Protein chains: 2
Amino acid sequence: MAIATPASGSQSPRKTNASPHDALVASGTSERILDVAERLVQTRGFNGMSYADIATELGVTKASLHYHFPSKADLGVRLISRYEENFLRELATLDASRSDAKKKLRGYAHLYETVLRQDRMCLCGMLAAEHATLPSEMRARLSAFFDANESWLVDVLEAGRKSGSLSFEGPAIAKARMWIGSLEGAMLLARSYGQVARFTQVATQLLSALSL
Amino acid sequence: MAIATPASGSQSPRKTNASPHDALVASGTSERILDVAERLVQTRGFNGMSYADIATELGVTKASLHYHFPSKADLGVRLISRYEENFLRELATLDASRSDAKKKLRGYAHLYETVLRQDRMCLCGMLAAEHATLPSEMRARLSAFFDANESWLVDVLEAGRKSGSLSFEGPAIAKARMWIGSLEGAMLLARSYGQVARFTQVATQLLSALSL
DNA sequence: GTCTATAGGTGGATAGAC
DNA sequence: GTCTATCCACCTATAGAC
């Protein structure tokens, strides 16, 4: 349910992910670093967060962090990749539920809401704001994340319109972009007010705009 | 038309604004500093921009900047205040035009678009992302900006509904928040893709949702 | 009002011991 | 893998000459 939350997804030692210099040993430490870094970026931004912040929270030294993520750009790229993986996994779960389109969209908005309830901004929404200052490798990953969101939404919207469970005019991609932009923006504002309701109000309106 | 653009509003020497330590002499330098700082914050964020950046662009020293704005928080607060003043001035102009509600809303969206076309994010949208790292004086000003936007939109929306030129269900304040959130978010995404069309598509959809 | 000079802190990053 | 120690660039900010 939650997205890349320390308490949720993926921390116990596994051999699935390549981490320290692409060796096949994922120490678990890398994941803990990513967990903390992720939260810090979501709340303070990539520029508003430092190796020192992460190190202090984890009780290790900065040098240790550099062992796992030599440069901050490396860390940033892995943050986005992991976030996208987790997000796409959630979307796949929604697909597997075989709900109707409207329910899937509700679920989609709920993913954002879960992040917001942790007083966090969407990782990629935050990074989009800092876009101009990011290493180019991060920028590329960022677009990939939004492209993936867009294409998932397009599929759901078109299927919903075809089946008659959704009603809207114009190309699905326009609606998809409207959804992403509006949810990200609503999240941004809701968080700066500390009022989740400001987000849910927008999500509700987006949904009801697709009803007959 | 443009919002707080160096080329537009307000730079020639005047006695209206208090600037250096609230003396009654506005050197013009303060405004030039604000012009550069504003653009840098809009493109790189408050944390992504420094006194050194501004100084270099203006060909002065950092010490000179500190004379006009002793601390970065001072600079930030004045940036928001000026931005809000200029923005509200544009809204007043829209009001004075005595257009119908729909035209006013179109004008409202156009204000955002003008900023976006300069490859900038809305100053306050950018700062909203950095909210958690901002000095508290800046946070307060930030809310004031969005509150003012909200109340202007509420007035326009209610007048439009009463006159029959707009059609929507539910409280005007919900629609107002939807507008702000969606425009800010669409701007955020459009800018990170460098595609203004991503913004105008959303603005168009927001408008047509208010038609019969 | 603007400069030089500098203080004091923190940023990311590396070398080398353990 | 994690540590200590350190480098150097950059940050905000101030003192004091001009």
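Just so you know, these numbers come straight off a predicted model, no measurement behind them. Heavy atoms only: backbone and side chains are in, while hydrogens, waters and symmetry mates are out. Chain A is the first sequence line, chain B the second, and so forth, proteins listed ahead of strands; every chain is numbered from 1.
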Output a table of nitrogen or oxygen pairs between the protein and nucleotides 14-18 of chain D separated by less than 3.5 Å.
none

Figure out the [atom1]/[atom2] separation between [X] and [N], and round it to whole Å.
X: B/Ile54; N: D/dA13; atom1: CD1; atom2: P; result: 11 Å
X: A/His68; N: C/dT14; atom1: NE2; atom2: C1'; result: 16 Å
X: A/Tyr67; N: C/dT14; atom1: OH; atom2: C1'; result: 15 Å
X: B/Leu65; N: D/dC10; atom1: CG; atom2: C1'; result: 15 Å

Q | All pairs passing ring-ring contact (aromatic ring centres under 6.0 Å, His included) where residues 33-56 of chain B contributes a residue, at least two apart | A |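 The answer is B/Tyr51-B/His66.
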(Q) Per the ring-ring contact (aromatic ring centres under 6.0 Å, His included) rule, what does the pair list look like for residues 177-201 of chain B, sequence neighbours excluded? (A)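 Checked against ring-ring contact (aromatic ring centres under 6.0 Å, His included) - neighbours excluded - no pair reaches residues 177-201 of chain B.
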Q) Should B/Arg117 and B/Glu113 be marked as a salt bridge (Lys or Arg N to Asp or Glu O under 4.0 Å) after you check the CA-CA gap, both sets of side-chain angles, and the distance that decides it? A) CA-CA 6 Å; B/Arg117 287 195 183 278; B/Glu113 189 183 327; 2.8 Å; yes
Q) If you look only at pairs with a residue in residues 50-59 of chain A, which of them pass as a salt bridge (Lys or Arg N to Asp or Glu O under 4.0 Å), with sequence neighbours excluded? A)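 Pairs touching residues 50-59 of chain A that pass the test: A/Arg39-A/Glu57.
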Q: With sequence neighbours excluded, give me every salt bridge (Lys or Arg N to Asp or Glu O under 4.0 Å) pair touching residues 142-154 of chain B.
A: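 Applying salt bridge (Lys or Arg N to Asp or Glu O under 4.0 Å) to every pair that reaches into residues 142-154 of chain B, excluding sequence neighbours, yields A/Arg198-B/Glu150, B/Glu150-B/Arg177.
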Q: Would you jot down, in residue-number order, the residues of residues 43-53 of chain A having a non-hydrogen atom under 4.0 Å from DNA chain D?
A: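 Within this stretch, nothing sits under 4.0 Å of the strand.
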Q. Within the pair A/Thr61 and D/dC3, is there a side-chain N or O less than 4.0 Å away from OP1 or OP2?
A.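 For A/Thr61, the contact criterion (side-chain N or O under 4.0 Å from OP1 or OP2 of D/dC3) is met.
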Q. Within the structure, does a side-chain N or O atom of B/Thr29 lie under 4.0 Å from either OP1 or OP2 of C/dG1?
A.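 B/Thr29 to C/dG1 OP1/OP2: no side-chain N or O under 4.0 Å.
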With sequence neighbours excluded, tell me which residues meet side-chain contact (heavy atoms from CB on, under 4.5 Å) with [X].
X: A/Ala63; result: A/Thr61
X: B/Asp95; result: B/Lys104, B/Trp152
X: A/Ala140; result: none

